[in-house]
Amino acid sequence: MLRMSAAFDYDRFDQLFTQLGAAGFPAELHGHLVGRLSAGGRLDHGGWLDVAREVIDGRGSPGEADRVLLIQLYEATLAQLTDSGFKLNLLLPDDEAPIEQRAQALGQWCEGFLGGFGLVSGEQPLSEEAESVLADFAAISQVQTDLEETETNEVDFMEVTEYARVAALMLFSECQPADQSQDQPPASLH
């Protein structure tokens with residue numbers, strides 16, 4: 001059984017990115033993963049670790065415990081997307097982080113989603129609603145980073161985060177190949 005909380009511990013991923021001297025961001029990595037999966041892409045563990053290293057873009061290489069954490073993120077995310085409960089956790093800083101940091105991370109998540117989705121989707125035709133979601137994600141990725149700690153900004157952030165979560169689930173649902181087996185786990189790392 002996967003420990004979902006470990007897989008979505010933003011602070012743990014932030015430490016990993018800092019340790020590796022990453023040019024990328026944790027939220028961007030998760031957005032990239034959700035975008036790839038939403039467009040119908042699947043990776044074995046080795047392929048995912050290669051993609052993660054590219055997105056992390058660090059000076060070092062993840063250790064064994066970090067690779068396990070990255071695989072847990074992949075598996076937990078895929079499980080959430082394929083579950084009928086419409087639950088998807090976005091890898092973002094917790095509510096105690098400043099609104100500016102959380103908004104910036106949401107923008108990074110959307111930017112990562114667009115990159116991952118675009119790499120896998122190719123020229124596949126999308127519904128008007130899906131095209132609108134991608135345009136919205138592009139707008140969210142350009143978020144302002146000088147937000148003040150106000151109740152209005154907090155409510156707006158929560159609404160936009162919920163929109164991104166539900167929109168990603170909608171895109172996942174729309175773009176899955178008809179012959180894709182949702183029950184097939186990725187190949188083992190070892």
Side-chain angles (χ1 to χ4, degrees), residues 7-8 10 13-14 16-17 20 22-44 47-58 70-71 73-83 86-93 97 99-147 153 156-177 180 182 186:
F8 294 98
Y10 183 89
F13 279 94
D14 196 40
L16 170 62
F17 275 59
L20 296 175
F25 304 96
E28 177 188 18
L29 173 68
H30 188 245
H32 186 93
L33 171 59
V34 175
R36 277 181 173 268
L37 295 173
S38 294
R42 298 296 181 274
L43 296 163
D44 63 21
W48 162 238
L49 290 173
D50 289 343
V51 166
R53 275 191 282 277
E54 285 179 33
V55 175
I56 292 170
D57 191 19
L70 289 165
I71 290 168
L73 180 66
Y74 179 94
E75 290 179 350
T77 300
L78 181 59
Q80 286 184 350
L81 287 167
T82 57
D83 183 38
F86 298 103
K87 179 172 174 71
L88 174 64
N89 291 318
L90 305 186
L91 185 63
L92 299 173
I99 186 76
E100 185 175 346
Q101 181 185 356
R102 289 181 285 142
Q104 184 176 22
L106 181 59
Q108 292 161 351
W109 190 93
C110 288
E111 186 174 333
F113 183 98
L114 292 170
F117 190 88
L119 285 172
V120 174
S121 69
E123 299 299 316
Q124 121 182 307
L126 297 173
S127 70
E128 190 174 311
E129 187 177 13
E131 292 284 355
S132 176
V133 164
L134 294 176
D136 289 344
F137 279 10
I140 295 168
S141 73
Q142 303 300 313
V143 68
Q144 296 178 18
T145 57
D146 58 348
L147 298 174
N153 283 342
D156 289 348
F157 173 78
M158 290 171 52
E159 288 176 358
V160 174
T161 301
E162 179 63 9
Y163 171 78
R165 188 188 73 75
V166 171
L169 288 165
M170 184 274 301
L171 281 169
F172 178 85
S173 178
E174 177 176 318
C175 297
Q176 296 314 292
Q180 179 84 38
Q182 301 297 338

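Hydrogens, waters and symmetry mates are skipped; everything else that's a heavy atom, side chains included, is used.
- For Ser173, there are no side chain to side chain contact (heavy atoms under 4.5 Å, CB included) partners, not counting sequence neighbours.
- Rounding to the nearest 0.5 Å gives a distance of 8.0 Å between SG of Cys175 and CE of Met170.
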Pair Ile99-Arg102, side-chain contact (heavy atoms from CB on, under 4.5 Å): steps then yes or no: CA-CA 5 Å; Ile99 186 76; Arg102 289 181 285 142; 3.6 Å; yes

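- Interatomic distance, Glu174 CD to Ser38 OG, rounded to the nearest 0.5 Å: 10.5 Å.
- Two residues are said to be in side-chain contact when any heavy atoms from C-beta on lie closer than 4.5 Å; Glu100 and Phe157 fail this criterion.
- Separation of atoms CG (Leu81) and CG (Leu37) is listed at 6.0 Å; rounding is to 0.5 Å.
- Note that NZ of Lys87 is 9.5 Å distant from CG of Asp83, once rounded to the nearest 0.5 Å.
- A donor-acceptor contact shorter than 3.5 Å is absent between the side chain of Glu131 and the backbone of Ser127.
- Minimum heavy-atom separation, Leu73 to Phe8: CD1-CE2, 4.0 Å.
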Under 3.5 Å, side-chain donor or acceptor atoms of residues 107-121 against the rest of the protein: list the pairs with distances, not counting sequence neighbours.
| residue | atom | partner | partner atom | Å |
| --- | --- | --- | --- | --- |
| Trp109 | NE1 | His30 | ND1 | 2.9 |
| Ser121 | OG | Phe117 | O | 3.0 |

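- Considering CD of Gln80 and OG1 of Thr82, their distance stands at 9.5 Å, rounded to 0.5 Å.
- The heavy-atom pair separating Leu126 from Ala130 by the smallest distance is CB-CB, 3.9 Å.
- Nearest heavy atom pair, residue Tyr10 against residue Ala105, reads OH-CB, 4.3 Å.
- Between Pro26 and Leu91, the shortest heavy-atom distance links the atoms O-CD2, 3.6 Å.
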Can you give each donor-acceptor pair under 3.5 Å made by side-chain atoms of residues 47-58, sequence neighbours left out, with the distance rounded to 0.1 Å?
| residue | atom | partner | partner atom | Å |
| --- | --- | --- | --- | --- |
| Trp48 | NE1 | Leu70 | O | 2.8 |
| Asp50 | OD1 | Arg53 | NH2 | 2.9 |

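- The local environment of CD in Glu129 is sparse, with at most 12 non-hydrogen atoms from other residues, nucleotides or ligands closer than 6.0 Å.
- Remark: Glu162 engages Arg165 in a salt bridge (Lys or Arg N to Asp or Glu O under 4.0 Å) (not counting sequence neighbours).
- Asn153 is linked by a side chain to side chain donor-acceptor pair (under 3.5 Å) to Thr150, counting only residues two or more places apart in sequence or in another chain.
- Applying the side chain to side chain donor-acceptor pair (under 3.5 Å) criterion to Ser132, with sequence neighbours excluded, gives no partner residue.
- Residues satisfying the side chain to side chain contact (heavy atoms under 4.5 Å, CB included) criterion with Val160, sequence neighbours excluded, are Leu106, Ile140.
- Residues Leu134 and Leu171 have side chains in contact (heavy-atom distance under 4.5 Å, counting atoms from C-beta outward).
- A donor-acceptor contact shorter than 3.5 Å links the side chain of Glu28 to the backbone of Phe25.
- With sequence neighbours excluded, no residue forms a salt bridge (Lys or Arg N to Asp or Glu O under 4.0 Å) with Asp136.
- Taking CG of Leu88 as the reference point, atom OG1 of Thr77 lies at 7.0 Å (rounded to 0.5 Å).
- With sequence neighbours excluded, the residues forming a side chain to side chain contact (heavy atoms under 4.5 Å, CB included) with Met158 are Glu154, listed by chain and number.
- Judged as a side chain to side chain contact (heavy atoms under 4.5 Å, CB included), and not counting sequence neighbours, Glu128 has no contacts.
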